[in-house]
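First the structure, in the form of structure tokens, and then the observations on it.
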Amino acid sequence: MRYQNCVSVLFPLLLCCCYSLVAAQNLPYKAVNLGNWLVTEGWMKPSLFDGIVNKDLLDGTQVQLKSIKLQKFLVAENGGGTGVSANRDSASGWETFTLWRVNDSTFNFRVFSKQFFGLDAAKKLVATSNSTTNPETFQIIRNTSHPSKIRIQASNGLFLQAQSETVVSADYKGSTNWEDSDPSVFNMTTVKTLQGEYQITNGYGPNRAPQVLQDHWNTYITEEDFRFMSQNGLTAVRIPVGWWIAYDPNPPKPFVGGSLAALDNDFTWAQNHGMKVIVDLHAVQGSQNGNDHSGTRDGYIEWGDSYIPDTVTVIDFLAKRYANKLSLGGIELMNEPTLGPNLDSLKKYYQQAYDAVRKYAKTTHVIMSNPLDHGSKELLSFAGGFDRVVIDVHYYNLFGVQFRNMNVQQNIDYIYNQTASDLNGITTSNGPLSFVGEWTAEWNVQGASKEDYQRFAKAQLDVYSRASFGWAYWAYKCQFNHWSLKWMIENGYIKL
Ligand SMILES: *[C@@H]1O[C@H](CO)[C@@H](O)[C@H](O)[C@H]1NC(C)=O
């Protein structure tokens, strides 16, 4: 089957066989993820955001607004599509608003059903607009000594005020002494934040973001790191990239150019040190999982059929550019989709993106991430219909109630029993290959000793080395030591 495919595309048989042998020698990979490099994840290095004005008010920040005078929360009635009142004693979905940042102090407020705050003809606050124009744009003015106390200035120059529980309007003139009786003073509580590529680039803005990101790319990973990795037994890197890389050097705003040159460097460094590069499309237009690392602006999961052509274009670009690099170890079509019932779109995309890779790379492994919200066997039979395809699964003993109170031994047993059996279920003799594309030695155990960590890491290495394509640790560098394979190796926690 595999050879047939090679011949049928008129690829010279001899060359094809040689490539197969080279590839076969390298599997399974012992890899590490270059996380938080070309796709920002704030939790791994928060200081990257330090230079942003109002760095707690980035795109996707979810806020709740309480009229201090009325002691009531603002609510987009019905979740949106109609008026805004100030009559709720407690806050959840309809009382939570997601920020779109226009500049350091100017924002749009997106409500539960995705409309934006705006003004009607009588200057009343409504949540009816589906787009952001001037009337949907508001300035947040903070009290310098109590930054959660704010006033909101509308596009007409006047301030929002909660006149009564049913009337919130943009018609309050003048300054304030921030008294509790002032109807234009609100208390803002943040319930969720995002710190991804959209947030850092739009947070710094077009004048500062290019330099900040370029400095990060120049210093976070260098050829020295590839030397370290190869000397310590690693054979590959998995590199998360974002869709905007295909539009380098001038990607759509707020993203900035330069990540493509960094990825080019990786291929050179990998080759210099005998390693492979797995390119992983981690962030797709529309967002496939709503997480920071999906490049989302506001956390909504909107990837679906209408985004397939653009996403295939990105894969086409990457495949074309890197197909002939000897250090190419695989192309992953989309990281961690979380699409609920939208599996058909995903399969349609995987088919088209696979074809795009095969236009340029006949033998490169194509990696399909299993949807996070489905069982790990979900793609097994589907992926079996392709040549040189890999199923990527991620194992963390962290997220999920079953891990909350596990002790050291229970965690280790879980790996040898539960996870091993799960991985065994997708490691078949003639189907797609299996890949544990993310795992870490961090867990929920408090106060674990170095030896506990060593045993936990060894258990995972024992089990994940059975994956036929290999494994990749998350991550190479991180502010939290146990998430950093570099630190774990340097400090004797992990030996390969
Ligand atoms: C105002 O917001 C702050 C921070 O978000 C919160 O800690 C405080 O409890 C709020 N105060 C009132 C009166 O709602």
**Asked** When you measure from the centre of the six-membered ring of W94, is the NZ or CZ of R88 under 6.0 Å away and within 45° of the axis?
**Response** no
**Item:** Cation-pi check, R151 onto F159 ring (under 6.0 Å, within 45° of axis)
**Value:**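 The answer is yes, since R151 meets both limits relative to F159.
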**Message:** Is there a side chain to side chain contact (heavy atoms under 4.5 Å, CB included) between D305 and S345? Walk through the geometry before answering.
**Reply:** CA-CA 5 Å; D305 275 355; S345 301; 2.8 Å; yes
Report yes or no: do [X] and [Y] form a side-chain donor-acceptor pair below 3.5 Å?
X    : Y    : value
D422 : Y395 : yes
Y453 : E442 : yes
T189 : Q64  : no
S85  : E77  : yes
N143 : S145 : yes
E197 : T40  : yes
Q418 : Y414 : no
N397 : N411 : yes
Q163 : S169 : yes

Interatomic spacing from [atom1] in [X] to [atom2] in [Y] - rounded to 0.5 Å:
X    : Y    : atom1 : atom2 : result
N407 : D452 : CG    : CG    : 9.5 Å
R101 : L99  : CZ    : CG    : 9.5 Å
I331 : I315 : CD1   : CD1   : 6.5 Å
W443 : F403 : CH2   : CZ    : 12.5 Å
F399 : L372 : CZ    : CG    : 10.0 Å
N491 : N481 : CG    : CG    : 7.0 Å

Taking [atom1] in [X] as the centre, count heavy atoms belonging to other residues, nucleotides or ligands within less than 6.0 Å. Is the count above 12?
X    : atom1 : result
K173 : NZ    : no
F112 : CZ    : no
D50  : CG    : yes

Can you confirm whether [X] sits close enough to [Y] that some side-chain heavy atom of one is under 4.5 Å from a side-chain heavy atom of the other?
X    : Y    : result
S287 : W303 : no
L263 : Y322 : yes
Y473 : V32  : yes
W439 : Y396 : no
I141 : S105 : no
I412 : V408 : yes
V366 : L333 : yes
H293 : E41  : yes

**Request:** Run the numbers on V393 and I426 for side chain to side chain contact (heavy atoms under 4.5 Å, CB included), then give the verdict.
**Result:** CA-CA 9 Å; V393 289; I426 56 159; 3.6 Å; yes
Is any NZ, NE, NH1 or NH2 atom of the basic residue among [X] and [Y] found under 4.0 Å from an Asp or Glu carboxylate oxygen of the other?
X    : Y    : answer
K114 : D298 : no
K69  : D182 : no
D280 : R238 : yes
R297 : E302 : no
K66  : E95  : no
R321 : D264 : yes

**Asked** Do D180 and K149 pass the salt bridge (Lys or Arg N to Asp or Glu O under 4.0 Å) test, and can you show the C-alpha distance, the side-chain angles, and the key distance before you say yes or no?
**Response** CA-CA 10 Å; D180 287 356; K149 274 193 180 179; 3.8 Å; yes
**Item:** Residue pair Y220, L48: steps toward the side chain to side chain contact (heavy atoms under 4.5 Å, CB included) verdict
**Value:** CA-CA 11 Å; Y220 200 66; L48 274 179; over 6 Å; no
**Item:** Reference residue F116; test ring-ring contact (aromatic ring centres under 6.0 Å, His included); the match among W100, F107, F109
**Value:** W100
**Message:** Let's go through V312 and Y349 carefully: what are the C-alpha distance in whole Å and the side-chain angles of both, what is the deciding distance for side chain to side chain contact (heavy atoms under 4.5 Å, CB included) to 0.1 Å, and is it a yes or a no?
**Reply:** CA-CA 7 Å; V312 172; Y349 164 68; 3.8 Å; yes
Taking all atoms of both residues into account, what is the closest heavy-atom pair of [X] and [Y], and its distance?
X    : Y    : value
L281 : W243 : CD1-N, 3.8 Å
D59  : L194 : O-CB, 3.9 Å
Q199 : I52  : O-CD1, 4.3 Å
S129 : S131 : OG-O, 2.8 Å
L213 : I200 : CD2-CG2, 4.2 Å
F435 : I367 : CD2-CG2, 4.2 Å

**Item:** Residues that S484 engages under side chain to side chain contact (heavy atoms under 4.5 Å, CB included), provided they are two or more places apart
**Value:**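 Only C478, K486, W487 meet the side chain to side chain contact (heavy atoms under 4.5 Å, CB included) criterion with S484.
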**Message:** Tell me whether Q460 contacts the main-chain N or O of T440 through its side chain, where contact means a donor paired with an acceptor under 3.5 Å.
**Reply:** yes
**Message:** Tell me if the centroids of the rings in F255 and Y247 come within less than 6.0 Å of each other.
**Reply:**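 No; Y247 has its ring centre 6.0 Å or more from that of F255.
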**Prompt:** Given the rule in the side-chain hydrogen bond (donor to acceptor under 3.5 Å, both in side chains) test, do S148 and N187 qualify, once you have shown the distances and angles that lead to the verdict?
**Reply:** CA-CA 6 Å; S148 73; N187 195 44; 2.9 Å; yes
**Item:** N291/S294 under side-chain hydrogen bond (donor to acceptor under 3.5 Å, both in side chains): CA gap, chis, key distance, verdict
**Value:** CA-CA 5 Å; N291 291 319; S294 71; over 6 Å; no
**Request:** Test side-chain hydrogen bond (donor to acceptor under 3.5 Å, both in side chains) on N33 and E438 and set out the steps.
**Result:** CA-CA 7 Å; N33 284 281; E438 293 186 17; 5.3 Å; no
**Asked** Between T106 and N103, does a side-chain hydrogen bond (donor to acceptor under 3.5 Å, both in side chains) hold up when you go through it step by step?
**Response** CA-CA 5 Å; T106 309; N103 61 40; 2.9 Å; yes
**Message:** My understanding is that only one of H282, H394, Q288 makes a side chain to side chain donor-acceptor pair (under 3.5 Å) with E336; could you say which?
**Reply:** H394
